[in-house]
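What follows is a short report on a single structure.
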Amino acid sequence: MAVVSGLAVAGLSGTASAATAVDTPQHGGGASATLGGLKTYGQAVIREEGASQRIPAGLFEMAVDNGGTLQTYCVDVHNPTQKDAKYQETPWNGTSLNSNPRAGKIRWILQHSYPQVNNLAELARKAGADSLTEESAAAGTQVAIWRYSDKVDVEAVDPRAEKLADYLQRSARSSPEPKASLTLEPPAVSGRAGKRLGPVTVRTDAESVSVTPPADSASGVKVVGKNGKQIKTAGDGSRLYFDVPKGTPDGTASLEVQASTTVPVGRAFTSETRSQTQILAGSSESTVSAAATAHWAQKGAIPALSAEKNCAKGGVDITAGNKGDAAFTFSLMGFKHTIKAGATRTVTIPLQEDQPYDFTITGPGGFEKRFKGVLDCKTEGSAVAVGGKTQPAPEPSPASAGGTSGGGDLAETGGSNATPLIAGLAIALVVVGGGAVFLLRKKKDPAGRAEATSSEE
C-alpha cells in the first residue's frame, strides 16, 4: 500500500505522514544562490494602457552557496524580488521561458551584450551610441530582454541605453538553451540489496566532480564505478552505482556530487518564494552540486521517485520506477496510479499557476519521498491578464529587494500581493484502500489564516 499526501493553498502546506522524510533534492542540480540585489542599473519607462511608470533596469548579483557570484537579468518585469530569496538553477521547461518562442533571442542578447561584452566602446559603436557606461549598458540590455520576455512597451531613459536596446532587439537571433552546469540522471534509482543500483550518469561542463558517498558508512553502502571500484571523482558521462551489500536491511541512501565551474550564460534561476525569475548573464568560478537517492528492499515493490516541473503541461511530472517483483500503487489528486514490476512511468500532476505544492509519497519498508515547490510558469503580466489586457500591478511589496533609485528598484513594477494564489480545494491525503480523505478548505480563523479541516469517507 502506498500513501500520498499533497496539500497547497495560498502558501499553507503540510504533510499527514508522521514518518521521517527522506532528504530529496528540491531541484535538478546545478547552482544554488541567494539574491543580493540590483547592483548595476539605469532607468527605464514602461507604458501600459495609457499609463507610464519609471523603473530601475539592470543587473542583479547573487551569492552562490559555498562560493561564487552570479550576475543576472530579470525575465518577469511585473513580479517583485523578495529579500534574500534563495534561487536554484532551473531548466527552461520549468519557467516562463518554456512557452516563449523568443527565449533563444534572449540568450543571444546575453551572449552579445554587457557584461559578456565588456568592451563598451565597441558595443557603443555597434549600437550607434556616442558612448556607454556600465550602468547604461546594463539598462539597455535589460530593456531589450524585457521586450522579448514580457512583450511590454518599455524604453530606456538614457538615449544611449535606448540605442543599445534597439540594436540588441533588432540583431537578436535564436540561440539554443544552454546545458545545465551539473545534473545527475536519473536522480533516483532502486533495486535489491546485493546488487549495484544504477547507473546514475553525471552531466556537467566542469572538468571533474567530487563524489560524496552516503553519510551512513556503517551500512556498508558505497558509490562505485562500472568496474565495481569505489569512486571519489568523476567527469561528464561517468556512471555511478550504489553498491549495496547482500543482506543489508531495506533502506535508502543518497550521494552528492560537487564541482567548481562557471555556470553557462542563459541558464534560468527560479525561487520558491515567488521572487521574479532571473536569467544568467555572467558567472565567476562557482560551486555547483547535484544529488541522487537509492532505495532497496528484499522483496515486493521497490520504488524510485523523482519530480520535475513541466510548464508545457502545466504541472509537476512525477517519474516512478519500480525494480521490485510486485506492483507499486499510489493515488494522487484523486487518481490511482500503478507501476508494474520492472516498469517506469511518468505521471503529470496538473496545478494552477502560482500554486504551492507539497507531495509526500510513502511505500513499503519505510520508503518516503517528499516534493515541494511552487508552479511558476508564466510572467506576472501574462498571469494577471484579463480580456487580453494586462492589469496594472499594485504598489510594491515591502519585502522587495534590490538597488534603489528614486525610492524604487527593478522589483517595484509590481507587488507580491498581485499573485493570484489558489483559493480552492487541494487533496491532502489519500490512503489506497483505506478510505481516509483530508481536504484543505478556504476557512478563516479569527486571524484571517486558512486552516486545514478533515473529513472521512
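The chain is numbered in sequence order, starting from 1. Keep in mind that the numbers below use all heavy atoms, side chains included, and drop hydrogens, waters and symmetry copies. Quantities reported herein were computed from a predicted structural model and do not represent experimental measurements.
- At a threshold of 4.5 Å between non-hydrogen side-chain atoms, the residues R274 and V374 count as touching.
- The side chain to side chain contact (heavy atoms under 4.5 Å, CB included) search around P115 returns L59, Q71, Y73, A281, not counting sequence neighbours.
- Within the model, atoms OG of S171 and NZ of K105 stand 10.5 Å from one another, a figure rounded to the nearest 0.5 Å.
- With rounding to the nearest 0.5 Å, the separation of CG in L305 from OG in S190 is 8.5 Å.
- The shortest distance between side-chain heavy atoms of R370 and D358 falls below 4.5 Å.
- Annotation: side-chain hydrogen bond (donor to acceptor under 3.5 Å, both in side chains) contacts of D325 (sequence neighbours excluded): R192.
- By the side chain to side chain contact (heavy atoms under 4.5 Å, CB included) test, S174 pairs with no residue at all, sequence neighbours left out.
- D65 is linked by a salt bridge (charged side-chain N to carboxylate O under 4.0 Å, His left out) to K86, counting only residues two or more places apart in sequence or in another chain.
- Looking only at atom types and distance, the side chain of K309 has no donor-acceptor partner in the side chain of T95 under 3.5 Å away.
- Judged by distance alone, the side chains of S32 and Y87 never bring a donor and an acceptor atom under 3.5 Å apart.
- A parallel orientation is assigned to the rings of Y357 and F359, their planes being inclined by less than 30° (bins at 30° and 60°).
- For N322 (side chain) and I302 (main-chain N/O), a donor-acceptor pair under 3.5 Å exists by modelled atom type.
- T319 meets the side-chain hydrogen bond (donor to acceptor under 3.5 Å, both in side chains) test with T346; sequence neighbours excluded.
- Pairs of residues two or more places apart, or lying in two chains, never qualify as disulfide bond (SG atoms under 2.5 Å apart) while including a residue from residues 237-300.
- Counting only distance, with no hydrogens or angles, the side chain of R147 and the backbone of V154 share a donor-acceptor pair below 3.5 Å.
- Atom CZ of R345 has more than 12 heavy atoms from other residues, nucleotides or ligands within 6.0 Å.
- Looking only at atom types and distance, the side chain of E61 has no donor-acceptor partner in the side chain of T69 under 3.5 Å away.
- Here the OG1 atom belonging to T270 is positioned 12.0 Å from the CD1 atom belonging to I279, to the nearest 0.5 angstrom.
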### side chain to side chain donor-acceptor pair (under 3.5 Å) assessment of S254 paired with T293
CA-CA 4 Å; S254 64; T293 60; over 6 Å; no
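- Looking only at distances, no side-chain donor or acceptor of S283 sits under 3.5 Å from a matching main-chain atom of T262.
- Here the side chains of T360 and K369 are not in contact, with every heavy-atom distance at 4.5 Å or above.
- For W92 (side chain) and G266 (main-chain N/O), a donor-acceptor pair under 3.5 Å exists by modelled atom type.
- Contact annotation: the side chain of T90 never approaches that of F269 to less than 4.5 Å [non-hydrogen atoms, C-beta and beyond].
- Residue E207 places its CD atom among 12 or fewer non-hydrogen atoms of other residues, nucleotides or ligands, all under 6.0 Å distant.
- The side-chain hydrogen bond (donor to acceptor under 3.5 Å, both in side chains) search around T273 returns S271, not counting sequence neighbours.
- The closest side-chain heavy-atom distance from N66 to Q258 is below 4.5 Å.
- A disulfide bond (SG atoms under 2.5 Å apart) check over residues 251-354, counting only residues at least two apart or in different chains, returns the pairs C311-C377.
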Exercise answer: donor-acceptor pairs, residues 220-235 side-chain atoms, under 3.5 Å, sequence neighbours excluded:
unit_1: N227; atom_1: OD1; unit_2: K229; atom_2: N; d: 3.0

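- In this structure, CZ on F60 lies 6.0 Å from CG on L35, to the nearest 0.5 angstrom.
- If you check the side chains of E89 and S181, you find a donor sitting under 3.5 Å from an acceptor.
- A donor-acceptor distance shorter than 3.5 angstrom exists from the side chain of D250 to the backbone of Q298, with no hydrogens or angles considered.
- A salt bridge is absent between K372 and E272; no separation between the charged side-chain nitrogens and carboxylate oxygens falls under 4.0 Å.
- Between the side chain of N310 and the backbone N or O of G314 there is no donor-acceptor pair closer than 3.5 Å.
- For R173, the side chain to side chain contact (heavy atoms under 4.5 Å, CB included) partners at least two apart in sequence or on another chain are W108.
- Remark: E177 does not engage R107 in a salt bridge, criterion side-chain N to carboxylate O under 4.0 Å.
- Under the rule for a side-chain hydrogen bond (donor to acceptor under 3.5 Å, both in side chains), the partners of T261 that lie at least two apart in sequence or sit in another chain are D205.
- Side-chain atoms of T379 and V75, non-hydrogen and from C-beta on, never get closer than 4.5 Å to each other.
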### Task
May I have the step-by-step check of side-chain contact (heavy atoms from CB on, under 4.5 Å) for W146 and I55, ending in yes or no?
CA-CA 12 Å; W146 278 335; I55 55 175; 3.7 Å; yes
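- Atom-to-atom distance recorded for R102:CZ and Q169:CD is 9.5 Å, nearest 0.5 angstrom.
- Judged by distance alone, the side chain of E185 and the main-chain N or O of R203 form no donor-acceptor pair under 3.5 Å.
- Between the side chains of T212 and E256, no donor N or O sits under 3.5 Å from an acceptor N or O.
- The aromatic rings of F328 and F367 stand perpendicular to each other, their planes meeting at an angle above 60°, with 30° marking the opposite boundary.
- Identified under the disulfide bond (SG atoms under 2.5 Å apart) test for residues 225-280, with sequence neighbours left out: none.
- The CD1 atom of I349 lies 8.5 Å from the CG atom of D317; values are rounded to the nearest 0.5 Å.
- Between the side chain of H295 and the backbone N or O of V189 there is no donor-acceptor pair closer than 3.5 Å.
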